[in-house]
Amino acid sequence: MPELPEVETIKRALTLGGRGGESVLGCQIIQADVLWPRTLQTPDIKTFKSRIEGQVIQSISRRAKYLLLHLDQDTMLMHLRMSGDVRVDALQNPSLALQKHDRLVLWFANQRRLVFNNPRKFGRVWLVSDPEDVLSELGPEPLDPDFTADQFYANLKRHKRQLKALLLDQHFLAGLGNIYTDEALFLAGLNPTMNTQYLKYEQGKRLFESIRTVLETGIRRNGASIDWVYRGGQFQNEFKVYGRRGKACYVCGSTIERIIVGQRGTHFCPECQNTRDTTLSMEE
DNA sequence: ATAAACGCCTGACGGC
DNA sequence: TGCCGTCAGGCGTTTA
C-alpha cells in the first residue's frame with residue numbers, strides 16, 4: 001500500500017490528528033501485544049514488551065517509507081510493505097473488538113490504542129535505541145532540500161541499469177514505489193526500460209523535478225487509496241498511467257501499455273515516453 | 001554490478 | 001456457485 005506520500009500522510013495524522021484518529025503525541029504505552037509474531041523484526045517479543053511498556057511517544061517522523069515513533073529511550077520503526085495500515089482507536093467501549101488482520105497493538109494510558117493492521121503480513125516493526133541501525137543503507141530522501149538535481153544526475157551516471165529498476169532501488173533513492181515511479185517517468189517523458197548510461201543531463205534534471213512534483217502532489221492529496229484499503233487519499237484520481245492499461249493517454253491519445261520491468265507491472269505511454277537506448281536505436 | 005527468480009501472505013477480480 | 005489464474009502501493013535472499 002504505502003509509498004512515501006502515504007507514509008507521510010499517516011505520520012501527519014498520528015502527529016496532528018485526522019483520519020478518524022487523534023494525535024498520539026504524549027501517549028504513554030501501558031501494554032504492547034504482538035498478534036502475529038513475525039511482525040516483529042527485532043527484538044524478541046518478550047524483550048519488546050518489557051522495553052516499550054511505560055515509554056511515552058515524544059515525536060513522530062518519517063524516513064523513506066519508514067514510520068518512526070520516537071519514545072523516551074527507544075525508537076519504534078514500522079514498515080508497512082504492501083498492505084500495512086496504522087489506525088488509532090478511541091476506547092469509549094474498553095472491549096472494542098480488534099479487526100481482521102490486526103497484527104500489533106500499543107495500548108495507551110488515555111483510553112486509546114494504536115493498531116498495526118497488515119493483511120499480507122509483509123510489514124515489519126523494530127524497537128531499537130538507534131534508528132540508524134535500520135536506516136543506514138537508505139539512499140537520499142527525494143524531497144530533502146539539500147538534495148540537488150546535480151547530485152541526482154551524478155548518482156544516476158554511476159549505474160548502468162534500467163531506469164525504473166534503479167528508481168525503485170531504495171539504496172539509490174529512498175521512498176519511491178511502483179505507482180509514483182510510473183507517474184514520475186511519464187511526467188518526465190522517459191521510457192522505464194531505458195538504460196541510465198544513455199541519460200542526458202537535461203533528462204536527469206527533468207526526472208528529478210518530476211519525482212518531486214508527483215511526490216508533492218501525492219502528499220497534497222493525502223496519498224492514494226486503491227484496492228480494498230481506504231485511507232481517504234485522493235491521488236488515485238490523478239494517475240496518468242498507473243492502472244490505465246488499454247486506455248487513451250491524456251496527452252497524445254495513444255494506448256497506455258503495461259509491461260514488466262524489474263519484476264513489477266509498469267505502465268507507460270509508448271508515444272510520450274519513446275526515449276530509448278542508443279544501442280536499441282542502432283538495431284532498429 | 002546487474003538482474004532474474006523466488007519467497008513471504010491474503011484477497012479481489014475476471015473468465016469459464 | 002465454485003475453481004482457476006492473475007494481479008497487488010515491497011523487499012530480502014539466492015542464483016546466474
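Just so you know, these numbers come straight off a predicted model, no measurement behind them. Residue numbers begin at 1 in each chain, while the letters A, B, ... track the order of the sequences.
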inquiry  = When the P atoms of dG5(C) and dC6(B) are compared, how many Å lie between them, rounded to an integer?
reply    = 16 Å
query = Would you call the rings of Phe152(A) and Phe208(A) parallel, tilted or perpendicular, where under 30° means parallel and over 60° means perpendicular?
reply = tilted
ask   = Rounded to whole angstroms, how far apart are CG on Leu67(A) and C1' on dG10(C)?
value = 16 Å
inquiry  = Looking at His171(A), I'd like to know whether one of its side-chain N or O atoms comes within less than 4.0 Å of OP1 or OP2 on dC11(C).
reply    = no
message = Check this one for me: any side-chain N or O of Lys160(A) less than 4.0 Å away from OP1 or OP2 of dA3(B)?
response = no
message = For Asp89(A) and Arg112(A): C-alpha separation, side-chain torsions, deciding distance, then whether salt bridge (Lys or Arg N to Asp or Glu O under 4.0 Å) applies.
response = CA-CA 6 Å; Asp89(A) 290 339; Arg112(A) 288 181 203 152; over 6 Å; no
message = Taking only side-chain N and O atoms of Gln170(A), does any of them lie within less than 4.0 angstrom of OP1 or OP2 on dG10(C)?
response = no
ask   = Think Arg38(A) has a side-chain N or O under 4.0 angstrom from the OP1 or OP2 of dC8(B)?
value = no
Distance-only donor-acceptor check, side chains Ser95(A) and Asn93(A), under 3.5 Å = yes
ask   = Between CG of Leu190(A) and OG1 of Thr196(A), what distance do you get to the nearest 0.5 Å?
value = 11.5 Å
NZ or CZ of Arg244(A) within 45° of Tyr250(A) ring axis and under 6.0 Å = yes
request  = Just say parallel, tilted or perpendicular for the rings of Trp126(A) and Tyr66(A), cut-offs at 30° and 60°.
outcome  = tilted
inquiry  = Taking only the C1' atom of each, what is the distance from dG7(B) to dA8(C) in whole angstrom?
reply    = 16 Å
message = Should the side chain of Arg120(A) and the base of dA8(C) be counted as holding a donor-acceptor pair, with the cut-off at 3.5 Å?
response = yes
request  = Starting at atom CH2 of Trp36(A), determine the distance to atom P of dT10(B), rounded to an integer number of angstrom.
outcome  = 7 Å
ask   = With a 4.0 Å cut-off, would you call Glu141(A) and Arg63(A) a salt bridge?
value = yes
query = Which is true for Arg124(A) with a 4.0 Å heavy-atom rule: it touches a base, it touches only sugar-phosphate, or it touches nothing?
reply = nothing
remark   = Atom CG of Leu168(A) and atom P of dA3(B) are separated, to the nearest Å, by 12 Å
ask   = Is a donor-acceptor pair below 3.5 Å formed from side chain Gln263(A) to base dA5(B), judging by atom type as modelled?
value = yes
request  = Tell me whether Phe122(A) is stacked on the nucleobase of dC11(C), counting only the six-membered base ring and applying the 5.5 Å and 30° thresholds.
outcome  = no
query = Atom CG of Asn178(A) to atom C1' of dA8(C): distance rounded to whole Å?
reply = 9 Å
request  = Could you work out the separation of dT1(C) and dA12(B) based on their P atoms and round it to a whole Å?
outcome  = 15 Å
key: Audit row: Arg212(A), Glu209(A), salt bridge (Lys or Arg N to Asp or Glu O under 4.0 Å) steps and yes/no   = CA-CA 5 Å; Arg212(A) 288 192 158 176; Glu209(A) 291 162 356; over 6 Å; no
message = Please report the distance separating the P of dA5(B) from the corresponding atom of dT6(C), rounded so that it comes out in whole Å.
response = 15 Å
query = Which listed nucleotide (dG10(C), dA3(B), dT10(B)) is nearest to the side chain of Arg81(A)?
reply = dG10(C)
query = Rounded to whole angstrom units, what separation is found between the CG atom of Leu167(A) and the P atom of dC11(C)?
reply = 14 Å
ask   = Whole-Å distance between dA5(B) P and Arg264(A) CZ?
value = 15 Å
Pair pattern of DNA chain C in dot-bracket, where unpaired bases get dots and | marks partners in another strand, Watson-Crick or G-U under 3.5 angstrom = .|||||||.|||||||
ask   = In whole Å, what is the span from the CG atom of Leu77(A) to the P atom of dC11(C)?
value = 14 Å
request  = Looking only at side-chain atoms of His79(A), point me to the closest of dG11(B), dC11(C), dA3(B).
outcome  = dC11(C)
query = Counting any heavy atom closer than 4.0 Å, what does Arg245(A) reach on the DNA or RNA strands: base, sugar-phosphate only, or nothing?
reply = nothing
request  = Give the rounded distance in Å between these two atoms: CG of Leu163(A) and C1' of dA3(B).
outcome  = 15 Å
key: Distance, nearest 0.5 Å, that separates CG of Asp144(A) from CD of Gln151(A)   = 8.5 Å
inquiry  = Under 4.0 Å, counting only non-hydrogen atoms across every strand here, what does Tyr180(A) touch: a base, just sugar-phosphate, or nothing?
reply    = nothing
key: Side-chain N,O (Lys65(A)) to OP1/OP2 (dC11(C)) below 4.0 Å   = yes
message = If the cut-off is 4.0 Å, is His159(A) near the phosphate of dT2(B), judged by side-chain N/O to OP1 or OP2?
response = yes
